[in-house]
Number of protein chains: 2
Amino acid sequence: MATLKEIAEKANVSICTVSRYLSKNSNLKQATEEKVKKAIEELNYIPNNVARSLKTRRTNNIAVVLPKINNLYYSEITSGISEVLKKHHYNLFIVEFEHHRDEEGEILLTLLENMMAGVIFLGLSGDTSFHESVAMLQQHHLPFVYANRMIPDKEYSLIYPDYRQAGELATEHLVSQGKRHLAMITQSVSRLDLQQHIGGFIGKAQEYGIEVGEHQIFRQEEHVFDQEFIHGLRQKKIDGIFATNEMTALSLLKGLLNQGVKVPEEIAVIGFGNSLLGTLATPELTTIDLQNAKLGSLSAEKLLRQIDGVEGDTITILKPHIIVRKSS
Amino acid sequence: MATLKEIAEKANVSICTVSRYLSKNSNLKQATEEKVKKAIEELNYIPNNVARSLKTRRTNNIAVVLPKINNLYYSEITSGISEVLKKHHYNLFIVEFEHHRDEEGEILLTLLENMMAGVIFLGLSGDTSFHESVAMLQQHHLPFVYANRMIPDKEYSLIYPDYRQAGELATEHLVSQGKRHLAMITQSVSRLDLQQHIGGFIGKAQEYGIEVGEHQIFRQEEHVFDQEFIHGLRQKKIDGIFATNEMTALSLLKGLLNQGVKVPEEIAVIGFGNSLLGTLATPELTTIDLQNAKLGSLSAEKLLRQIDGVEGDTITILKPHIIVRKSS
DNA sequence: TTGTATGCGTTATCAC
DNA sequence: GTGATAACGCATACAA
């Protein structure tokens, strides 16, 4: 690898002049400029970003910390992030983080050790101890953005979809289809975002005079969508279901189909997310689009503004949209 | 950020001693060790990997270059890579590359500028001009592994599944189910791996005395699985189809279902890949498992061996397995 | 067992 | 316009 020094020697100028040439702004004499240019080409010079970073005390590296990259939800967001970063000449680091308590410190340490310019956290729940460790990042002035999570009692830089409105949209749609006996399938009810989903779903139902009791809120982990489960739905006369996870919705759809339930006539299903999967389901899945890719690109832009010091810790909220297909 | 210098001053030792303490191997006097330890803790020292990299002329960063991260196929492989890298304390750097010719040089340059320890290329076709640029990496002694692609006329470090055998397995299975009129849906036939698929599929068919003509090899991009297409299948009396892409298989399954074709009785379908999607399809998809995650972890290990200098450019071939479900 | 001194490749502050 | 020279934070050859 050729270095500035070698270029300088070859071109008979000082290292400094070469550096100036590379940073474009300073004006060199036409003649020296060409000498330098020639030397650089002949020696096949490649700048060393590591050295540059040491000197300037900043890198162009941005880390995305998420539970699992082999999950459409996260990889779609990441793709949105990637596009923006590429455009601004930032590099993308991925750190998978699976809520193993002992990893927390190690991961944050890695981010600091490698002088990340910023961090985006995806899908890190508000109920972990993670956030205490995160305070460390603030101490070290490492800018970060939380995407897709609401963090209570913290003034962090946040971006997430309007979870409550997502729930409301689901109710409104099901009601507009004539459904009155609503149910919901969700994950951990302790998560703040899911509480919002539930709140929106139930709240809007009440506006329509519909009661959604606790026994109509199913926890995904506790059920398989087998004959017994479907039978339970029928007994409760459920005619509309909102599943807060695309895979879950698809799985439910399959269960209903297997048991001969007509979707949407007998039971309508509305899901979450807008990957290709929804269109491949039978029937095609009606869904609340959380705009994953867009959320990714927005969170990247948000982080970059923070890095450039033109934005502080603010909250950005995206509006969800409904995509009506055949399952409702 | 505290530095070695500050620690040294606080502990009343030399920078060198602190550095030794951190690298563990050298043996210090108990007393100094504790002095240093204390100072490090009090000052909340965090090592600077950038400086370390500049000095040692190597980083712990490994890049994965792939077309799109929001694609289950690639993200599953990447997840496999991620696990291995994490275990060996390497960081994961992601570069999305979408075959825009003008990007090639820029991307490889970025890898060199940032002193990547190694690179894994995923799904980069053998027919692009990419490989010429890649020679540059060799000049700069940057180790790399091509995963999931066969590269003709190059002695690179390669790892891929036995594409031919995958095709053979598909044929064997379909034949064992009593199917004799086989068809295949594939992508670009110019890609070497797909040629292998086709070769295996057709070749094995011939062993059974079955002719698979050119008009039974469909190019995915040229078709939607609508009434007309399904009608065509019926006319040709096709009773078994092999789709070399999981999404395509699912999409086909849906098309067949829509047209009232009984799967697998009338037409059996066998797909590729082993994501959750296959089990959510109706009927559940029989599939050739290419072991994406495993391929990822193996390619990472392969690269690490290369970085450590214990392995040269070799070819690793994975054996595919069939997962029989309901669509065949 | 510990310290001194040098350099990794770059940017930046001075001079000239 | 251009050139010395000093850092950035760390590792290491060589001394002591």
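Chain letters run A, B, ... following the sequence lines, proteins first, then strands; residues in each count from 1.
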In terms of the angle between their ring planes, are Y146(B) and Y156(B) parallel, tilted or perpendicular, with boundaries placed at 30° and 60°?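 The rings of Y146(B) and Y156(B) lie parallel, inter-plane angle below 30°.
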The side chain of [X] lies closest to which of these nucleotides: [options]?
{"X": "V13(B)", "options": "dG9(D), dG3(C), dT11(C)", "result": "dG3(C)"}
{"X": "R57(B)", "options": "dA11(D), dT10(C), dG9(C)", "result": "dG9(C)"}
{"X": "T17(B)", "options": "dG9(D), dT2(C), dT11(C)", "result": "dT2(C)"}
{"X": "C16(A)", "options": "dT1(C), dA12(C), dG9(D)", "result": "dA12(C)"}
{"X": "K55(A)", "options": "dA11(D), dT2(C), dA6(D)", "result": "dA6(D)"}
{"X": "N48(B)", "options": "dT11(C), dA4(D), dC10(D)", "result": "dC10(D)"}
{"X": "R52(A)", "options": "dC14(D), dT1(C), dT11(C)", "result": "dT11(C)"}

Starting at atom [atom1] of [X], determine the distance to atom [atom2] of [N], rounded to an integer number of angstrom.
{"X": "E34(B)", "N": "dT1(C)", "atom1": "CD", "atom2": "P", "value": "15 Å"}
{"X": "Y21(B)", "N": "dC10(D)", "atom1": "OH", "atom2": "P", "value": "15 Å"}
{"X": "E6(A)", "N": "dG7(C)", "atom1": "CD", "atom2": "P", "value": "15 Å"}
{"X": "E9(B)", "N": "dG3(C)", "atom1": "CD", "atom2": "P", "value": "13 Å"}
{"X": "R20(B)", "N": "dT1(C)", "atom1": "CZ", "atom2": "P", "value": "11 Å"}
{"X": "I15(A)", "N": "dA7(D)", "atom1": "CD1", "atom2": "P", "value": "16 Å"}
{"X": "I40(A)", "N": "dG9(C)", "atom1": "CD1", "atom2": "C1'", "value": "14 Å"}
{"X": "K5(A)", "N": "dT11(C)", "atom1": "NZ", "atom2": "C1'", "value": "17 Å"}

In terms of side-chain geometry, is the basic nitrogen of K38(B) or E42(B) positioned less than 4.0 Å from the acidic oxygen of its partner?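 Answer for the salt bridge query: yes.
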Using a strict cut-off of less than 4.0 Å between a Lys/Arg side-chain nitrogen and an Asp/Glu carboxylate oxygen, indicate whether R20(A) and E33(A) qualify as a salt bridge. no
Have a look at Y45(B) and say if it touches a base, only the backbone sugar-phosphate, or nothing, with a 4.0 Å heavy-atom cut-off.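 Since only primed, P, OP1 and OP2 atoms lie under 4.0 Å of Y45(B), the category is sugar-phosphate.
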I'd like to know if the side chain of S14(A) pairs up with that of T17(A) as donor and acceptor (distance under 3.5 Å, no hydrogens or angles considered).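 Judged by distance alone, the side chains do pair up.
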Is it true that the side chains of T78(A) and S75(A) contain a donor and an acceptor less than 3.5 Å apart?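 Distance-only check fails for T78(A) and S75(A).
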Using a cut-off of strictly less than 4.0 Å, decide whether S14(A) has a side-chain nitrogen or oxygen near OP1 or OP2 of dG3(D). yes
Between L54(B) and T32(B), name the one whose nearest nucleotide on DNA chain C is closer to the 5' end.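 Between the two, 5'-proximity favours T32(B).
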